[in-house]
Amino acid sequence: MGLDIADIVAAEPRELADFRGRAVAIDAYNALYQFLSSIRQPDGTQLMSPEGKVTSHLAGLIYRNSSLLEVGVRPVYVFDGKPHPLKSSTISERRSRREAAEVEWREALEAGDMEKARTKAQQSTRLTGDMVQESADLLGLLGIPCIMAPGEGEAQASHMAARGDVWAAASQDYDSILFGSPRLIRNMTLSGRRKVPRRDIYVTIRPEMIEAERALAQLGMTREQLVDLGILMGTDFNEGVRGIGPKKGMKLVKELGDAKAVMAAKGYDIPSIDAVREIFLKPNVTDAYELKWKSPDVAGIVAFLCDRRGFSHQRIEATVGKIAAAKSASAQKSIDAWF
DNA sequence: CGAGTGTA
DNA sequence: TACACTCGG
C-alpha cells in the first residue's frame, strides 16, 4: 500500500514532544486502518462492544488523541472523499486480498496456528462507512476538527501543509511528499517498544520526520522526478513496471530526466502516465475548511464509549481527565490559545 | 495500539 | 526505575 521509498529517503528520528504546539493533518483512513488491524486479541479477534460492534478504531482514537493533546499537538483528521477512477483496480485488488485473508484466518484458527491467524486477521481488516461515521463522531466529541477531502485524504492533508494551515501531514505512507507536503510525520505516537510478529524480538517505534526539501536534495531529484519514480514503481493509480524498484528507478529517472524518457529508452508502456502525474501534481483538493479546536465534551464521550460501547468508565474518565489537565496546563504556559 | 501491572 | 507482558471491548 502506498509508495515505498523508505530505502532511499532518510527519515529523522523525533519525539512526540518535538511537535508541541504544531497543527498536524492526519490521514484518517491510514490511522483507522492501523488501529483496526493492530488492536486485536492474539487470535485476531477485534475488540467489540457487548452488542458485537467493533471498537478497535475507537479505542485507538481515544488513547492516541489523548496523548497528542496531552503533549500539545493539535491534530486535524482528513478523511478520503471520492476515489479517483484510476484507483478502481487497486480497490478491487485490496478487496479480494482481504477476502482471501479472511478465509485463511478461519483455516489458521481451525489448525490452531495463532500466529498465522492473527496475521491473516490483520490482512482482512475492513473499514466500513459506519466505522468512519462513529470515528468522526468521537473526534467531534474530543473537539478535534475533521475534514472531508474531495478526493484523496493524503492530497488534502498535503495541500493544507503546503498552504501553512498545518505544519505537517501525518501518515505511514510516503505519498504526502509526492502530493507536495513540505513535511511528513510517520509513527506519530509516543515512543515505545513493540514485539515484532513471528520473531522473539522487540523494536522501539518512535516518530520520524521527512522534510521534503531535504529529502529531494539528498536524492538529487525534483518533486516531479519523484512522482515519475513513483509512477515507474507503481502507485495506487497505475501498475508500474515489473522489475523497477526504488534503486533502479531512481538511477534511470536521474540519468534520463523523467519517466517518459525512461519509457522511450527501455520500451516500457504506462498509458495513464499523464493522468497519474496530474493526480499528484495538480491534486483534487479544497480550500473550504475551517480548523477549530474545542474543549472535549466529557459527558458525551462517556455516554458514547462507556454507556453505548462498553468501555470502562474508570479508564475513559482517567483518559479524558488527562486531556482536560493538559488543556489547563497549556493555557497557563500560554503555548497557544487553541481551545 | 496504548495503558496498566508484575517482576527484578 | 526499566522493561516484558497482558488486557482492553
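Looking at heavy-atom distances under 4.0 Å, A/S312 makes contact with sugar-phosphate atoms alone, never a base. Using a 4.0 Å heavy-atom distance criterion, A/R40 is classed as a base contact. Counting non-hydrogen atoms under 4.0 angstrom, A/T189 reaches the backbone sugars and phosphates but no base. Using a 4.0 Å heavy-atom criterion, one finds that A/G60 contacts no nucleic acid atom at all.
For A/K322, taking side-chain heavy atoms from C-beta onward, the closest of the listed nucleotides B/dG2, C/dA4, B/dA3 is B/dA3. Residue A/Q41 has its side chain nearest to C/dG9 when only C/dG8, B/dA3, C/dG9 are considered. When the nucleotides B/dC1, B/dA3, C/dA4 are ranked by their closest atom to the side chain of A/R64, B/dC1 comes out on top.
Atom-to-atom, CD1 of A/I62 to C1' of B/dA3 comes out at 13 Å; the value is rounded to the nearest Å. The OH atom of A/Y33 sits 17 Å away from the P atom of B/dC1 (whole-angstrom rounding). What separates CD1 of A/I323 from C1' of B/dG2 is a distance of 14 Å, to the nearest Å.
Ionic pairing of A/R14 and A/E12 is present here: one or more N-O contacts between side-chain nitrogen and carboxylate oxygen are shorter than 4.0 angstrom.
Connection of A/M221 to A/L281 is established within a shared hydrophobic cluster, with ILVMFWY side chains joined at heavy-atom distances below 4.5 Å, either directly or through further cluster members. Hydrophobic clustering places A/L32 together with A/I62 (ILVMFWY residues linked when any side-chain heavy atoms are closer than 4.5 Å, directly or through intermediates).
In this structure, A/Q156 contributes its side chain and A/G151 its backbone to no donor-acceptor pair below 3.5 Å.
Each of A/R194 and A/F311 was assigned the nucleotide of DNA chain C with the nearest heavy atom; the assignment lying further toward the 5' end belongs to A/R194.
Shown for residues 47-59 of chain A: residues whose heavy atoms fall under 4.0 angstrom of DNA chain C, namely A/L47, A/M48, A/T55.
Between the side chains of A/N30 and A/Q34, no donor N or O sits under 3.5 Å from an acceptor N or O.
Residues satisfying the ring pair (Phe, Tyr, Trp, His ring centres under 6.0 Å) test with A/F237, not counting sequence neighbours, are A/F280.
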